[in-house]
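Sequence lines set the chain letters: A, B, ... in the order given, protein chains first and strands last, and positions in each chain run from 1.
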Number of protein chains: 2
Amino acid sequence: MSTTVCGQNGDIYKDTTCTSSQRAHDLLSRMSWTEKVKQLGGIRQVLGENMSFNKTNFDIFNEAQNGNIGYGNQFNPAIPALQLVNELRENQTASGLGIPYVLVTDSINGIYLFNGTLFPSTLSMASSFNVPLYGEVIASIREECKAIGINWVLSPELDVVTDPRYGRVGETYGEDPYLNGEFGLKYVQTIQEKDENGYRKVAATIKHFVYGWEAGGVNTAHQYGGINHVYNDMLPPFIKTISEGNPASLMVSYASLDRVPMSANKFMLQRVLRDDLEFEGIIMSDAGALNDLAGEFRIAQTSQDAAILAVKAGMQMELSPGEESATQTLVNVTNDAEITALVSNATFKILELKFNLGLFDLPLPSVGNATKVLRAPAHLEAARNISRESIVLLQNDGLLPLQNTSHTVAVLGPYASIIDPGSYAPHSTADKTHGNSLLQSLQHALGSKNIIHEPGVDFLDLTNRTGITSAVTAAKSADLAILSVGSLSVYSSDPLYDKRTDGEFFAHADLGFPGLQQELIDAVLDTGVPTIIVLSGGQAFVLNNSTLRANAILHTFLAGEYTADSVVEILSGQVNPSGKLPISLPQANGAFPVAYNWLPSDNHGGSSGSPIYGSSAWQFPAITIEPPMAFGFGLSYTSFNMSAEVKEVKTEGGDPAFEVSVNVTNTGSVAGKEVVQLYFRQSLSTIELPVKRLVRFAKVGLGAGQSEVVTFVVPQVEMGYYLNMEWTLEKGSYTFYVGSSSKSADLQEWDVTIE
Amino acid sequence: MSTTVCGQNGDIYKDTTCTSSQRAHDLLSRMSWTEKVKQLGGIRQVLGENMSFNKTNFDIFNEAQNGNIGYGNQFNPAIPALQLVNELRENQTASGLGIPYVLVTDSINGIYLFNGTLFPSTLSMASSFNVPLYGEVIASIREECKAIGINWVLSPELDVVTDPRYGRVGETYGEDPYLNGEFGLKYVQTIQEKDENGYRKVAATIKHFVYGWEAGGVNTAHQYGGINHVYNDMLPPFIKTISEGNPASLMVSYASLDRVPMSANKFMLQRVLRDDLEFEGIIMSDAGALNDLAGEFRIAQTSQDAAILAVKAGMQMELSPGEESATQTLVNVTNDAEITALVSNATFKILELKFNLGLFDLPLPSVGNATKVLRAPAHLEAARNISRESIVLLQNDGLLPLQNTSHTVAVLGPYASIIDPGSYAPHSTADKTHGNSLLQSLQHALGSKNIIHEPGVDFLDLTNRTGITSAVTAAKSADLAILSVGSLSVYSSDPLYDKRTDGEFFAHADLGFPGLQQELIDAVLDTGVPTIIVLSGGQAFVLNNSTLRANAILHTFLAGEYTADSVVEILSGQVNPSGKLPISLPQANGAFPVAYNWLPSDNHGGSSGSPIYGSSAWQFPAITIEPPMAFGFGLSYTSFNMSAEVKEVKTEGGDPAFEVSVNVTNTGSVAGKEVVQLYFRQSLSTIELPVKRLVRFAKVGLGAGQSEVVTFVVPQVEMGYYLNMEWTLEKGSYTFYVGSSSKSADLQEWDVTIE
């Protein structure tokens with residue numbers, strides 16, 4: 001029996017019997033300063049529109065920043081892009097030390113090239129409240145990414161968002177730190193799964209460290225940043241994924257925190273992230289963020305100064321969309337021992353990850369395999385299943401499910417004939433190759449002859465009202481109107497790009513419907529024809545009293561290529577809706593931040609003496625702090641009853657815990673799924689704490705009349721909070737809340753004591 | 001020659017030759033624990049509506065909390081209230097040690113009883129940008145307060161406000177830390193002036209420590225609280241008034257900062273306020289705030305626990321509106337040495353202030369003197385003058401000043417027939433004893449026969465539209481329409497209380513006009529009749545495109561009893577408007593926070609790639625971060641030209657400074673006043689800094705064709721900022737901006753260097 005010993009087979013860095021760390025150290029020792037610096041940068045946009053490739057530009061950039069590459073334009077078809085990039089990868093490893101690129105791309109709804117499965121956006125998947133099903137989706141995404149050579153994704157997005165004006169809400173898991181952590185952890189654990197040889201399949205990037213409480217909801221705006229706020233409101237999903245998921249990397253936010261730009265925020269990157277959160281992965285910049293330290297924030301004079309500031313704060317890698325990286329200027333910084341050490345260490349970490357991913361050892365992905373893996377039946381099935389569970393039924397007067405499918409249906413609204421993909425989705429609104437528009441799905445289900453289609457209005461236009469008249473005529477001549485309205489979130493190459501009103505770089509000062517859509521809604525509802533409103537877009541909308549006249553309202557957010565099919569299945573009752581809101585919907589354009597876990601002082605200022613304003617947080621107009629459409633809320637076609645028992649138990653490790661057993665019964669007449677939600681509140685604490693905090697949730701499927709007991713075990717230590725950066729559990733009274741949403745009316749409560 | 005020596009005349013505390021400190025120490029040594037505790041509390045609401053006085057209740061409260069009293073209902077007439085309270089004061093000093101009450105009241109627009117001069121609200125006075133004139137007003141307020149025995153006021157309100165949803169904006173100086181500090185300091189220096197015997201006339205209370213960046217604009221909501229944010233955005237006016245004005249007291253905010261309720265925030269009250277800001281005055285609670293630590297924040301179980309927490313954090317005095325104080329429970333806390341020492345010290349400070357104010361030595365205020373002082377001609381003149389300078393002309397197509405005063409005028413809108421007083425104003429909307437409504441002033445000026453009056457709509461009602469038709473008819477039959485719309489800010493005893501939409505306890509989720517006022521505006525402007533809109537209310541309004549069709553728009557905020565007279569003088573051209581906005585007006589209901597001194601990252605997120613959105617901060621709708629109606633903006637009937645020279649000089653103390661000399665010329669044909677505004681920006685800094693910061697301003701009056709040189713000397717040290725609680729001045733490039741508003745288009749710039 002012979003034991004293989006690392007290094008016996010020649011160069012350590014080429015020796016697969018050595019650890020990634022050993023190999024990276026060996027390789028690093030062979031590299032010049034320039035070669036090390038190059039690893040920190042890369043070329044994110046290799047391909048332009050229509051597969052265009054500018055070799056001259058590529059070669060110029062590649063000479064100075066060649067650690068990573070990205071595919072670029074996300075509308076390019078996967079197979080030709082794979083072939084071209086494979087060539088670049090072969091060229092790269094053929095010279096010098098043969099250090100491969102690592103391919104890094106975004107991944108919000110699937111792969112970042114066309115012809116993969118178009119999964120729902122992150123917010124839609126969070127609406128499912130179904131973490132195991134989400135795991136199936138992420139496994140599918142992982143396989144599709146890997147099949148086209150993507151070994152590193154810029155997900156998950158853990159930003160906790162309570163300001164609906166922010167344009168990237170659709171990329172997040174919503175407003176709750178706990179829910180975000182559960183989904184984020186499942187993402188990291190699934191995407192980073194190891195293959196049979198021990199190679200990590202795909203590296204995850206948790207982001208944005210930290211973001212979500214930006215001034216005015218404006219993209220990248222400054223954040224105020226007290227430490228209790230940061231630790232309790234923003235950090236929990238990062239802490240969860242880091243401590244339990246070991247993500248390979250972390251992306252730093254564009255924004256500033258308490259006036260210190262995050263890319264140069266040594267306190268946050270070192271003291272908090274490294275020392276306190278014990279993050280060991282690679283710290284990367286957002287695209288172009290280092291140059292912003294000079295151009296925007298004015299805390300650096302030049303790109304080189306910016307790179308020095310950032311690297312000394314802890315930055316280890318730079319994303320460069322299509323410009324010179326700031327870190328490449330470090331080739332000239334040879335007399336700064338701190339920079340030398342930090343860059344060498346960063347290069348080591350990047351190389352180690354490349355070894356971990358098998359980039360030095362495994363063959364390039366083949367076209368044959370990619371053809372088989374992309375849009376594999378299991379992936380499509382996973383996409384369809386989570387789409388079905390992600391659509392949220394917000395209102396239903398009994399019209400749904402439709403009892404009679406033989407009537408004439410007026411399909412109205414500008415969103416009826418497109419797929420609203422999401423700005424990071426590799427799918428154009430114009431492309432019908434994959435997925436159906438609502439119009440198509442309805443035509444398939446009901447037959448084209450039963451459908452009258454009138455868009456009514458444009459997405460953004462404010463002048464042309466002629467279509468409204470046609471839409472009203474259509475509604476009046478039909479038995480039912482289905483009105484699809486919303487907000488566009490598309491990529492810059494999309495034909496509707498100039499009509500988009502949501503997505504990255506956007507902020508909504510108005511949460512109503514863009515263009516003349518509200519006029520269309522008003523006019524159609526004025527007809528009195530039974531009307532279903534189908535909302536589209538990765539954002540919250542203000543649903544005014546006119547809109548709320550609709551018989552039924554569904555929010556699809558951005559539910560992927562099966563959005564329309566799922567809507568039709570829900571309308572007909574084939575699928576019983578089970579999505580729940582991962583964000584609370586504000587009741588007016590100024591009634592935010594909005595989230596179920598407000599602090600007591602946020603609801604204290606009301607004018608209780610004035611009968612007309614009641615217990616409003618805002619008084620003009622009178623708006624309660626708990627919106628009717630709050631976090632965790634979503635209707636079903638059946639009804640559920642819950643009763644619970646709470647008892648003190650020990651965890652397997654012997655620690656004190658509460659066991660909350662919830663007996664859920666489907667008391668209606670059809671099968672359905674319900675999300676059992678467990679919240680708690682601490683009665684007395686050292687600092688102000690939220691009125692409720694989600695601590696467990698589970699989705700259960702029950703046939704009519706069926707019951708099931710859902711048991712949650714909550715270790716008492718989980719019921720603490722962060723006080724000046726320290727996790728603190730206090731003795732005293734606590735209250736558990738169990739129910740079907742975060743709304744007070746939907747919850748039952750039990751008092752317990754921690755002694 | 002004999003020298004009087006303290007103590008030779010018997011009891012030290014009765015000896016006016018002793019210092020206040022000596023006398024307070026002596027008195028303290030004679031007091032029981034219970035007597036000491038009582039000094040911390042008081043009875044704020046002595047009188048109810050219509051001079052009602054509940055002696056039983058008063059006696060019960062007085063037994064346990066008797067350091068201070070307040071008049072209570074602000075609509076009570078001054079003289080009878082003075083007589084009744086004088087009796088209570090006599091009773092109080094007749095027993096025991098004879099420690100007098102100190103009378104504490106709010107003072108936003110003048111005295112807190114009826115029949116004083118009704119001055120403009122704080123925000124209106126800030127609109128004057130005229131600090132010397134403001135000093136005259138505060139001297140008048142001081143004399144009126146003192147005449148009715150008010151020796152301690154709960155002003156100035158130094159909250160820096162950038163969220164227009166907050167209902168108390170009208171009580172503040174607006175959005176700029178520097179402007180707030182200048183006005184606040186003038187307030188403190190003037191109100192605290194010493195009389196000929198060395199007694200302080202009236203004690204000031206700077207407040208609210210700290211408030212202004214509350215979640216959602218909701219009254220008392222939590223604040224996020226990073227330390228650079230707090231020091232640079234919130235503290236400057238406190239630092240200025242403390243270091244240069246020595247205010248007698250400070251009121252702690254109701255809200256929390258970074259989740260720590262301010263009333264128990266030892267870091268802010270000790271480390272920041274005492275140690276760093278070197279505040280030596282009395283730290284008082286807001287009304288009822290200590291009990292909130294238990295009832296609202298849940299950081300204390302009982303009132304006693306709350307009092308202990310607050311006193312240990314630094315609280316020294318408690319305002320109790322009409323309830324048992326929390327501090328009175330400390331009578332039973334006799335075994336806690338820290339509490340014993342802190343309460344004794346607090347009592348000492350309160351006694352010392354009472355000696356400083358002459359309360360032990362001077363006679364009670366006489367009815368005869370009060371009758372002479374209240375509404376003295378000089379006070380009315382000061383009120384009139386500042387009202388004239390506080391009204392801001394926002395838009396004017398040339399209609400103003402009116403060339404022909406002989407035409408028929410339709411006076412429309414619900415605000416035409418009232419005075420909108422402000423919630424802390426001792427003036428009912430129904431009372432016409434002092435001041436005129438706009439209708440009255442116009443009738444006086446133009447003759448009743450030339451006026452058609454139609455309110456058009458109610459303040460808040462959403463159903464009755466019949467008046468709109470009448471208003472349109474009136475407008476059509478007139479040569480000119482004057483439309484007075486706004487938002488009500490009134491006291492709880494006001495007959496219109498249930499229609500109020502602004503003031504304390506309020507927050508605006510909607511910054512449009514309450515009720516059907518917008519429909520009235522639309523309908524009147526649709527007539528095409530020349531229309532002037534007169535805005536009323538201590539808040540910002542969103543002026544939509546329909547409203548902006550008006551020929552002229554003026555904002556009066558809450559300009560006191562001479563509001564209407566001043567408007568008429570401005571309309572006719574007798575007075576040339578010179579008010580400037582102390583708050584920027586947002587362009588949509590979601591387009592805030594709004595202030596001229598945004599941080600660079602707040603304007604970075606725009607979608608520059610999309611032609612329809614330009615350089616917007618918000619994209620739906622497209623809204624620039626600099627509003628057209630920005631801080632410092634306001635129109636005149638004449639035009640001014642400015643040219644400037646910047647040179648390096650030394651201050652008198654020999655420190656490096658910049659001297660900015662601005663040559664201002666009135667280039668128009670009528671006399672007018674202009675506010676010369678000096679801003680600056682640092683080019684390169686350690687943390688993110690605002691794009692502009694006001695550093696000097698001055699109001700100059702110039703006849704047509706006249707010129708004047710305004711010289712600002714800015715010591716370089718003033719051009720620093722707070723970095724981790726340390727004032728920091730950095731070498732390098734800076735830019736000065738000089739002009740007539742904060743808007744980029746209104747400014748000229750000069751680069752300078754600090755070496």
Side-chain angles (χ1 to χ4, degrees), chain A residues 165 213 215-216 218-222 224-229 232 255-261 296-299 301 492 497-498 501 505-511 514 588-593 599-602 604-607 609-612 617-621 623 683-688, chain B residues 165 213 215-216 218-222 224-229 232 255-261 296-299 301 492 497-498 501 505-511 514 588-593 599-602 604-607 609-612 617-621 623 683-688:
Chain A
R165 290 174 293 182
W213 262 264
V218 172
N219 189 46
T220 82
H222 81 279
Y224 304 108
I227 202 70
N228 289 319
H229 165 52
N232 288 289
S256 65
L257 184 75
D258 196 23
R259 301 198 170 206
V260 184
E296 173 200 351
F297 288 114
R298 299 206 189 177
I299 68 163
Q301 188 96 51
S492 56
Y497 181 63
D498 283 345
T501 44
F505 308 119
F506 270 69
H508 316 270
D510 188 336
L511 293 157
N589 270 322
F592 42 71
L599 295 175
S601 53
D602 300 343
H604 182 62
S607 178
S610 177
I612 54 166
W618 294 273
Q619 292 76 29
F620 176 69
I623 292 170
S683 294
L684 189 67
S685 48
T686 301
I687 58 174
E688 193 182 15
Chain B
R165 291 174 293 182
W213 263 262
V218 172
N219 188 47
T220 83
H222 81 278
Y224 304 107
I227 201 70
N228 289 321
H229 164 51
N232 289 289
S256 65
L257 184 75
D258 196 23
R259 299 198 173 208
V260 184
E296 173 201 350
F297 288 114
R298 299 205 189 179
I299 69 163
Q301 187 96 51
S492 56
Y497 181 62
D498 282 346
T501 45
F505 309 119
F506 271 69
H508 316 270
D510 188 335
L511 294 157
N589 270 320
F592 42 71
L599 295 176
S601 53
D602 300 343
H604 183 62
S607 179
S610 178
I612 52 167
W618 294 271
Q619 292 75 27
F620 176 69
I623 292 170
S683 294
L684 190 65
S685 49
T686 300
I687 59 175
E688 191 182 16

Minimum side-chain heavy-atom gap [X]-[Y] below 4.5 Å:
X         : Y         : answer
Asp602(A) : Val218(B) : no
Gln619(B) : Thr501(A) : no
Arg165(A) : Phe592(B) : yes

(message) Looking at chain B, which one of Leu511(A), Asn589(A), Asp510(A) has the largest number of heavy-atom pairs inside 4.5 Å, strictly under?
(response)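 Option with the greatest count: Asp510(A).
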(request) Could you check which of Pro593(A), Gly590(A), Ser492(A) has the highest count of heavy-atom pairs closer than 4.5 Å to chain B? (result) Gly590(A)
[X] to [Y] - nearest heavy-atom pair and separation:
X         : Y         : value
Ala507(A) : Ala617(B) : CB-O, 4.1 Å
Arg259(B) : Ile687(A) : O-CB, 3.3 Å
Ala509(A) : Ala588(B) : CB-CB, 4.3 Å
Pro514(A) : Phe620(B) : CA-CZ, 3.2 Å
Ile299(A) : Leu684(B) : C-CD1, 3.6 Å

(request) Please flag which part of Leu257(A) lies under 4.5 Å from any non-hydrogen atom of chain B: side chain, backbone, both or neither. (result)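 Contact with chain B is absent: no heavy atom of Leu257(A) under 4.5 Å.
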(request) Tell me, for Ala215(A) versus chain B, whether the close heavy atoms (under 4.5 Å) come from the side chain, the backbone, both or neither. (result) both
Mark yes or no for whether [X], through its side chain, and [Y], through its backbone, hold a donor-acceptor pair below 3.5 Å.
X         : Y         : answer
Arg298(B) : Glu688(A) : no
Trp618(A) : Gly216(B) : yes
Asp258(A) : Asn228(B) : yes

(message) Using heavy-atom distances under 4.5 Å, tell me whether Ala255(B) contacts chain A through its side chain, its backbone, both, or neither.
(response)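 Neither part, no heavy atoms under 4.5 Å.
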(request) Return the set of residues passing ring-ring contact (aromatic ring centres under 6.0 Å, His included) with His222(A) (not counting sequence neighbours), or none when no residue passes. (result)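 Only Tyr224(A) meet the ring-ring contact (aromatic ring centres under 6.0 Å, His included) criterion with His222(A).
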(message) Among residues at least two apart in sequence or on other chains, which ones pass side chain to side chain contact (heavy atoms under 4.5 Å, CB included) with Ser685(B)?
(response) Gln682(B), Leu689(B), Tyr721(B), Glu730(B)
